[in-house]
Amino acid sequence: MPSQTIVVSDLKKQFGNLTAVDGISFTVCEGEIFGILGPNGAGKTTTIRMLTGVIRPTAGEIEIFGLSMPQHSLEIRQHIGVLPETANVYNDLTGEQNLELCGRLYGIDPDEMRERSARLLQEMRLYEHKDRPAKTYSKGMKQKLSLAMTLMSDGQLLFLDEPSSGLDAESAKQVRGVISGLAEEGKTILLTTHNLAEAETLCDRVAIMSHGKIAAIDTPTKLRRSFRERQSVVMEFSSVPDVGALSKLEGITEVQSFNTRVRCFTPEPGEVLVRLVEFAQRNNLKILSAQTEAASLEDVFLSLIRKGA
Amino acid sequence: MKRDRHEFLMSAFRKAMAIAAKDVHVYYTRGPTLIFGLLFPSFFFLAFVVGRSMDPLFLLPGLLAMVVFFSATAVSPVIMPIETGSHTLERLLTLPVPFWAILLGDTIASFLFALISSSIPLVLIVVLVPQTVFTVLCLVCVIALGSFSYSLFGLLLSSPPADQPSTIMMITSLVKFPLIFISGIFVPLRNLPLPFFILSLFSPLTYFADILNELVTGSGVFSPLVDLLCIVGFTIVLAKIVVVAHRRSLPARL
């Protein structure tokens, strides 16, 4: 059984009367990619800030590599890399100088620092821009530089706060590729994201946060399966069906209509499929295609967020 | 245990120097630094002395004190608001650097700026007023001590969690200008009315200006030892207050 890299117990953070994080508990195992999903203000960034020792929790316990945070924050920070939410690079320094500053602050030997900096700049496809001030970089380039700064530590644990946020499709794909590569190297990664597809593709497990609490925590597949009411039957007819009549069929909780194509949500997709075939026969509709679908992570997410609200 | 402590302090100091080097690169050429650190004291000095019959011998230590005070408080107040606004402070906080070492790095950058700026009036003094080698050495040490102390003072003034340098520069101006008038720079301490003289005893600038007067013209009011002790005491107290004040305002900066 893999060892636990992060153990969080009953973690809480209050800013005055506002409870930003409300008694959350979870563990992250070695080599795992753990995602925290949630809308703005759910408490994701506050959680990361507490885990990385930037702010102190109001209550609860954090253990990283078996050491307590914030009591051992300097020792822990020596072995982690953190990508904060905003691409916070020094605009007046060149790409290379930004990396070297991080290297010096991690106390890395100068030769190793230069070698690591060159390798990371090449991996991020920034090497040819290394002597340009970061203020001349595009947003995507700055985010990649920020990620490279995070990786200067060569830490076994990485905290990535919205790593692909605001990036164009090409840059986001490249960043996701880097994260997958890091996971293959065996790094433990905790990331927050708004992007459900990203969470589903990258994460071994996800926690869905809402209003400072964890609403659900599991693998993306199990989360989707556990939401039976958001399973659906998608059927395409030869002509537009009567949606009102469809919604009255037994077992259907909601109908989404896209012209001749309908998506019927149901906890019993097998039975509803049979009823839809009978409905088509009764109404002289030809079935062009039919399939059942499990709940998407987006369905799970929205359902939990609505419940939380 | 003692060796671990020594290694930790050396490592923290190296990191503080790396932060100082970054600050030199990023902040020395910023508008507020040049305006408040170089232009302002120069024009302020000229505005005060041109057309007035003041003893040049009395003016030189005053000029030196003002240049050190203004230049030391020009860099350090700019750093925190800019790093707050650009979110680079959060990056620094996630690195294995003690918080006091971040503040020390900022102070060192400001201290070096004050040392460089003060070299011009210092050379002027050495050229115009014959000095012994010992006096020049004393002047350099006092300037270094004052530069460090006022760099901390500038850092303290930047502790409100603003993300715009202009907000902090307004606060620093409100504090700095009155200090110039009650600290014996343009008006000798002996000539100050009693209430202002009493007030001047609480100014961090008074003892620095006084010891410079004593070293250059022999006209100090207090004993140099008293001046030195007051500057050192003020520096130690400031160092502690700076760490506490910035730690307290940190959550509001993120």
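First the proteins, then the strands, lettered A, B, ... as listed; each starts at 1. Not measured: the values here are computed from a predicted model.
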At a 4.5 Å cut-off on heavy atoms, which part of Gln97(A) comes close to chain B: side chain, backbone, both, or neither?
side chain
With a 4.5 Å cut-off on heavy-atom pairs, point out which of Ser11(B), Ala101(B), Ala21(B), Pro98(B) contacts chain A the most.
Pro98(B)
Does Asp22(A) form a side chain to side chain donor-acceptor pair (under 3.5 Å) with Thr19(A)? I'd like the steps, not just the answer.
CA-CA 6 Å; Asp22(A) 193 3; Thr19(A) 305; 5.5 Å; no
Measuring heavy-atom distances to chain B, does Ser73(A) have an atom under 4.5 Å in its side chain, in its backbone, in both, or in neither?
neither
In Å, rounded to the nearest 0.5 Å, how long is the span from CG of Leu93(B) to CZ of Arg77(A)?
7.0 Å
Among Val54(A), Thr52(A), Leu74(A), Leu105(A), which has the most heavy-atom pairs under 4.5 Å with chain B?
Leu105(A)
Could you look at Ile82(B) and say if it's the side chain, the backbone, both or neither that has a heavy atom under 4.5 Å from chain A?
neither
What part of Arg49(A) gets within 4.5 angstrom of chain B, counting heavy atoms only: side chain, backbone, both, or neither?
side chain
With a 4.5 angstrom heavy-atom cut-off, could you sort out which part of Phe8(B) is near chain A: side chain, backbone, both or neither?
side chain
Under 4.5 Å heavy-atom distance to chain A, tell me which part of Arg247(B) shows up: side chain, backbone, both or neither.
neither
A side-chain contact here means heavy atoms from C-beta on lying under 4.5 Å apart; do Thr192(A) and Leu160(A) qualify?
no
Is the Tyr27(B) to Phe113(B) ring centre distance short of 6.0 Å?
no
Heavy-atom distances under 4.5 Å only: say whether Met152(A) touches chain B with side chain, backbone, both or neither.
neither
In terms of relative ring orientation, are Phe208(B) and Tyr150(B) parallel, tilted or perpendicular, with 30° and 60° separating the classes?
perpendicular
Can you say whether the rings of His129(A) and Tyr137(A) are parallel (under 30°), tilted (30 to 60°) or perpendicular (over 60°)?
perpendicular
So, do Phe70(B) and Phe177(B) have ring centers that fall under 6.0 Å from each other?
yes
